[in-house]
Amino acid sequence: MSRSIAAVLVAASFFGVTTIASTALAQDDGGPPSSEPPFVPSGTVELELIDQTFDLARNGDIELTYRVTGDLATVADLTPPTTTTTTTTTTTTTTTTVAPSTVPGSDPAVTTATTTEPQPATTEPAPTTTAPPPVPVKVQVLNYTAIEDTGDLAPLLGPDPSSRVYPNDEAFDGVEFVDARSMIDVEDDNVATLRINVPTDVAPSVAERLQFETDGIHPIIVNLVVNDQQVARHGTVVERRSSSTSGPPTIDVSLMAAIDDPGPTAPDDELADAVDLLDELLDVAADIDATITFDIPPSVATAADLGGELRGDAATILENEEVLAAPSTPFDVSSAAAVDRVDAFERQLRAGEDDIRALLGVVPTRDVWLASDPLSAEGAQVLRILGVRYLAMPIDVYRATVLNIDPPDAADDDVDALPDLDQFVEIDLPDGSTIPILIIDEEFGSAFETERTTQILTEQSPTEWALETVATWRLEQYAAPFSERQDRLSKLIAAPGLGAFDPSLIVALETFAASTDAVRFANASVLASLTDTQDQPAGAALPDTAGPSLQARLDRIALVQADLDDTASMLTDGEERRAEWSRRLDSFVSTAFSDDTVFAQLDELSAEFARLRSGVVPPDPFTFTLTGREAQEIELNIENTLDEPLIIKLRLSSSRLSFPDGDMELTLDAATTTEVRVPVVARSNGTSAVTVEILTPQDERPLIEPVRLTSRVNSLTGLGQVLTVGLVLMLASWWITSWLSKRRARESDSAEQAHPASGPDPAPAE
């Protein structure tokens, strides 16, 4: 206990309160004020903390600002300043100057005012009345040894801190401001502001300064004393650090909020609710200076824009915020990875980023991925490859996926398995890499729900709440093992459900953070560079699979995709429509759709492709005649029944004809019949069939059943005819020669049978 306290303990006990003697107090005679009758405080006043310094450097100052409320006049003889009017009367006077005198019981520096009294021009002295001195108002500031347990904190904070925990006579040191009136600005009969500046030092300490010897969280108690009676009391804490590196590192705080994507098949009222939530979040962002990281589905932003409900200042508000990248349609990356459709996920992700950039004027970030649904290891690996630095995961999702505890709300025995919420957990991926996970602190964020915020503010001022919050976090750092005390920590905070929240307490916390090195607000995207990783909990791993199976629908999508590509090649705006259809097909991989919904949508697309292909009407069969060997033309009439042009491929084939232009790619005008002239060259005389095919340009799929034409060629001349006659004569000569040879052979055989040749006698019989 310091020397300044010990000197006055006996005298203080007489008034029922321990008074702290400073140098000014040593000059006070300790007697009651000279006013008659003696001033007796009555009524109540209260101290409410509205600002303070939290960081206390070696030999630094503590600044405390309080709002004093209650019966100020009756309790502390405090009244608001008044304006008086002086009436001047012409008279003959002499002036007498009264020398300054020290008010008993006050600081010697505070003196009574010098006054000039008009004196009548007479030899008799004028009667004078001496006003009673103001009642003494003192402020005592006491400091205590550092606390170590967060459970000791709450009873020491706010109005009337528990004297059972820290009575005055256990204070480590204290100072008293004997004349506190100069520190109080009275605003009206019931409100005043008290500003206190307390210098500090170390041993050997002087009486006017609070002595601090150790680092840590130190309780501070302020007593307001009127006429030596304590009328109000308030407790707070400061963090004393002997150097800028002696304490734990700064804690980084990030805020997050999200809108659940209602999905493309959601009822209108659900989509309207999502649009309303977007408007609420923008209101919150407008009220808070700190950056909020938002997960805004592109479909919700699109709906707000189309409905005229996207506020005009949305882009301005979001300039200083972060918006996470998200697919244009809800897309389960785990399901996509399981069926090797990561390409579709990437296209949807890029499309969603483009939508957010166009609608909200902000470039989405991939640094953080909000894993609000179960995630597989393969899905997380895809995200890592696409540039995601870490996963922000609600605690129930962490339980269900990483710890494999289901249902999470029934897991009462998994507390020890949960990691710290203020450091990353590194999870292994199939390719040997890792991805960090940071659990979102929704439990702390429950303070930002409107009902809970209202309750807190009935019990504490915003500054008192912010002080208790920061002090609690710092005590947890000091309580950590020495080897972990310098770990870099962060808090990723969201209201339960990650929805909108009341900004009142956040504003108080960011105001408090601006005056201390203990905490700071940071963008969620940079936490991976500011936060350490804890040891991986035993058994922590992402599952092999997550999300529903998509194999059945993917088989059907593959068939429709083939039709899509081929049909798009028939359109003059094929590339634009191909991209639109492909994006729609990609969206069907999303688990936001049921299989029944997807199959119905695929049927619609298939019907659209069939309609486009059926718009081509082939020519009627006909017979044509060719003469000569020069190229000639035939005319084909092909009709397009649609109200848009179509591109086709025309192919003709025949055994006796050739077609110099080969396959012809043609554009058929909308809703008309196009006359197509096809060059033809006859190769030989005679009648032959000509096959007409109309195909898609890309994959050459038939659009019609082949049409059979008939060609007649009967007047070939020149070398062709000579060759033909020569071949006929050669064939005839060969046939005649062969016939004569066979005839001679038959005649020779007949002659031998009629006149057999002579020879030896036959052998005798035995």
Side-chain angles (χ1 to χ4, degrees), residues 45-57 59-70 72 76 78 80 137-144 153-154 156-161 174-175 177 180-188 190-200 209-210 212 217-224 231-241 250-251 253 287-290 447-448 453 456-475 502-521:
V45 294
E46 190 171 274
L47 297 177
E48 177 186 295
L49 183 67
I50 58 176
D51 194 15
Q52 78 160 78
T53 54
F54 182 71
D55 299 357
L56 177 60
N59 296 327
D61 290 352
I62 302 173
E63 295 181 0
L64 303 167
T65 303
Y66 289 95
R67 181 178 290 110
V68 188
T69 58
L72 302 185
L78 296 172
V137 177
K138 306 175 184 179
V139 170
Q140 301 167 350
V141 183
L142 303 91
N143 69 322
Y144 296 82
L153 183 62
L156 297 171
L157 301 179
D160 194 24
V175 296
F177 297 87
R181 289 181 176 276
S182 61
M183 303 159 58
I184 301 175
D185 295 326
V186 181
E187 301 170 22
D188 58 40
N190 304 108
V191 178
T193 301
L194 169 63
R195 294 180 176 85
I196 308 171
N197 185 286
V198 187
T200 71
R209 293 175 176 265
L210 280 179
F212 286 86
I217 306 299
H218 290 263
I220 300 291
I221 290 180
V222 173
N223 293 323
L224 180 62
V231 297
R233 178 177 170 91
H234 191 280
T236 185
V237 293
V238 295
E239 181 182 5
R240 199 265 189 176
R241 287 200 264 178
T250 301
I251 300 172
V253 179
D287 292 336
I288 295 176
D289 291 334
F448 307 146
T453 296
I456 290 172
L457 292 179
T458 60
E459 301 168 354
Q460 297 175 287
S461 71
T463 301
E464 290 167 344
W465 175 86
L467 166 72
E468 181 177 2
T469 296
V470 174
T472 300
W473 290 345
R474 297 299 277 180
L475 280 171
D502 189 313
S504 305
L505 296 179
I506 289 294
V507 171
L509 186 58
E510 66 179 356
T511 300
F512 195 86
S515 64
T516 176
D517 291 333
V519 297
R520 67 187 170 197
F521 280 84

message: Is there a side-chain contact between V253 and W473 in this structure, where contact means two heavy atoms from C-beta onward sitting under 4.5 Å apart?
response: yes

query: Taking side chain as C-beta onward, heavy atoms only, is R181 less than 4.5 Å from L78?
result: yes

Heavy-atom pair with the smallest gap, counting every atom of L157 and L153: CG-O, 3.4 Å

field: Residue pair F521 / D289, side-chain heavy-atom distance below 4.5 Å
entry: no

- prompt: If you look at every heavy atom in I62 and I220, which pair is closest and at what distance?
  reply: CD1-CD1, 4.1 Å

Non-neighbouring partners of Y144 that pass ring-ring contact (aromatic ring centres under 6.0 Å, His included), sequence neighbours left out: Y166

field: salt bridge (charged side-chain N to carboxylate O under 4.0 Å, His left out) partners of residues 462-474, not counting sequence neighbours, each pair once
entry: E239-R474

- prompt: Do N190 side-chain atoms and G70 backbone N/O form a donor-acceptor pair below 3.5 Å?
  reply: yes

- prompt: Within the side chain of T65, is there an N or O that forms a donor-acceptor pair under 3.5 Å with the backbone of I50?
  reply: no

- prompt: What closest approach, in Å, do P161 and G158 show between heavy atoms, and which atom pair accounts for it?
  reply: CD-O, 3.4 Å

- request: Can you measure from CZ (R241) to CD1 (I217) and round to the nearest 0.5 angstrom?
  value: 9.0 Å

query: If only atom types and distance count, is the side chain of T200 paired as donor or acceptor with the main-chain N or O of G60 below 3.5 Å?
result: yes

- prompt: Between D55 and T516, is any side-chain donor less than 3.5 angstrom from a side-chain acceptor?
  reply: yes

Which atom of Q460 lies closest to which atom of W465, heavy atoms considered: OE1-CD1, 3.9 Å

- prompt: Is the closest side-chain heavy-atom distance between L47 and V68 below 4.5 Å?
  reply: yes

field: Donor-acceptor contact present, side-chain S461 to main-chain L49, <3.5 Å
entry: yes

task: Might you point out which heavy atoms bring P462 and L457 nearest each other, and give the distance in Å?
output: CG-CD2, 3.8 Å

Least distance between heavy atoms, P219 atom then V237 atom: CA-CG1, 3.8 Å

message: Closer than 3.5 angstrom, by distance alone: can the side chain of E46 be matched with the main-chain N or O of P159 as a donor-acceptor pair?
response: no

task: Using side chain to side chain contact (heavy atoms under 4.5 Å, CB included) as the criterion, point out the one residue from L224, L194, T193, V139 that pairs with Y66.
output: L194

statement: Value for CG (L72) from CD1 (I184), rounded to nearest 0.5 Å, stands at 8.5 Å

